[in-house]
Amino acid sequence: MKTLLKKLLPVSFLNWYRQQKVQKQAAAFAKMTPKEVFTKIYQEHYWGNKDTVSGTGSTLLQTQTLIQELPSLLKKFEIKSILDIPCGDFHWMQKIDLEGIIYTGADIVEKLIENNTQKHQKSPFIEFQTLDLITSPLPKADLVIVRDCFVHFSYENIFKAINNIKASGSKYLLTTSFTAHTTNTNIVTGQWRTLNFELPPFNFPSPVFIINENCTESNGAFRDKSMVLWEINKI
């Protein structure tokens with residue numbers, strides 16, 4: 001039925017309808033804390049699909065390049081401890097060989113952490129914690145992984161989170177950046193847009209390592225989506 005309606009209704013009306021939905025969502029999210037926003041998204045299965053509750057970008061299809069190439073990064077930079085925040089449902093990360101690495105998966109959604117602890121905390125070197133990337137004291141790690149998260153944060157919350165990561169004393173940040181995009185825009189936390197951290201208002205230096213994820217979502221519109229590595233004390 002939705003497909004039929006899209007064919008019958010004028011494009012101008014569909015664009016207007018989408019914009020109304022976006023504005024309504026932004027107004028609702030603006031009244032909520034980040035914890036309330038992302039808990040609501042989880043509870044209402046906004047991003048979920050048959051494979052993972054963490055969204056289409058976290059399926060094994062969309063993370064296959066990352067699964068293949070992340071181990072080389074871990075070896076190259078001698079990573080012995082990881083803070084993965086937000087870890088979501090640990091869907092793709094469980095495919096990574098974490099032998100010899102202390103892994104902490106953290107998320108703001110308490111139910112996700114409860115589920116992960118029950119299903120995946122089978123080793124003394126893997127643990128899960130409920131943490132807020134913006135406000136919680138973060139454990140120190142060689143590598144902080146923040147994948148598909150800042151794209152949902154307002155500028156204000158991004159800067160708060162980055163300062164919080166810096167305060168942890170961790171060494172490297174590996175995060176999502178769209179390296180070929182030429183503009184950044186602000187949003188209400190809980191919405192989504194692309195980010196290029198080498199552009200204003202962030203102006204990060206040249207990264208020390210890039211993994212292009214070979215993203216195929218939206219017919220290749222985000223083929224520049226990458227996990228990009230920086231030394232935290234230089235951002």
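- Annotation: salt bridge (Lys or Arg N to Asp or Glu O under 4.0 Å) contacts involving residues 35-47, sequence neighbours excluded, comprise K35-E110, K40-E44.
- Note that the CG atom of L66 and the NZ atom of K225 stand 9.0 Å from one another [nearest 0.5 Å].
- Between the side chains of T63 and E213, no donor-acceptor pair of N or O atoms lies under 3.5 Å.
- Side chains of E127 and Q129: a donor on one and an acceptor on the other come within 3.5 Å.
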Hey, can you pull the donor-acceptor pairs under 3.5 Å for the side chains in residues 228-235, sequence neighbours left out?
{"unit_1": "W230", "atom_1": "NE1", "unit_2": "P205", "atom_2": "O", "d": "2.6"}
{"unit_1": "E231", "atom_1": "OE2", "unit_2": "K234", "atom_2": "NZ", "d": "3.3"}

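- When atom types are taken as modelled, the side chain of S170 and the backbone of A141 share a donor-acceptor pair closer than 3.5 angstrom.
- Note: I79 CD1 to Y172 OH = 6.5 Å, rounded to the nearest 0.5 Å.
- M227 places a side-chain heavy atom less than 4.5 Å from the side chain of T176.
- Taking the six-membered ring for Trp and thresholds of 30 and 60 degrees, F38 and H152 have ring planes more than 60 degrees apart, a perpendicular arrangement.
- Using a 30° and 60° split on the angle between ring planes, F222 and W192 fall in the perpendicular class, above 60°.
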Quiz item: Can you list the steps and then say if E198 with S177 is a side chain to side chain donor-acceptor pair (under 3.5 Å)?
Solution: CA-CA 9 Å; E198 294 181 71; S177 190; 5.8 Å; no
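- Judged by distance alone, the side chain of D107 and the main-chain N or O of I113 form no donor-acceptor pair under 3.5 Å.
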Practice problem: Apply side chain to side chain donor-acceptor pair (under 3.5 Å) to the pair T189 and N157, showing each step before the final yes or no. | Solution: CA-CA 8 Å; T189 292; N157 284 337; 2.7 Å; yes
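- Between the side chains of D224 and T179, no donor-acceptor pair is found at a separation under 3.5 Å.
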Could you list the donor-acceptor pairs under 3.5 angstrom formed by side chains in residues 98-106, with sequence neighbours left out?
{"unit_1": "Y103", "atom_1": "OH", "unit_2": "D84", "atom_2": "OD2", "d": "2.7"}

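- Side-chain atoms of S218 never come within 3.5 Å of backbone atoms of G220 as a donor-acceptor pair (strictly under, hydrogens ignored).
- Considering only heavy atoms from C-beta on, L70 comes within 4.5 Å of L174 through its side chain.
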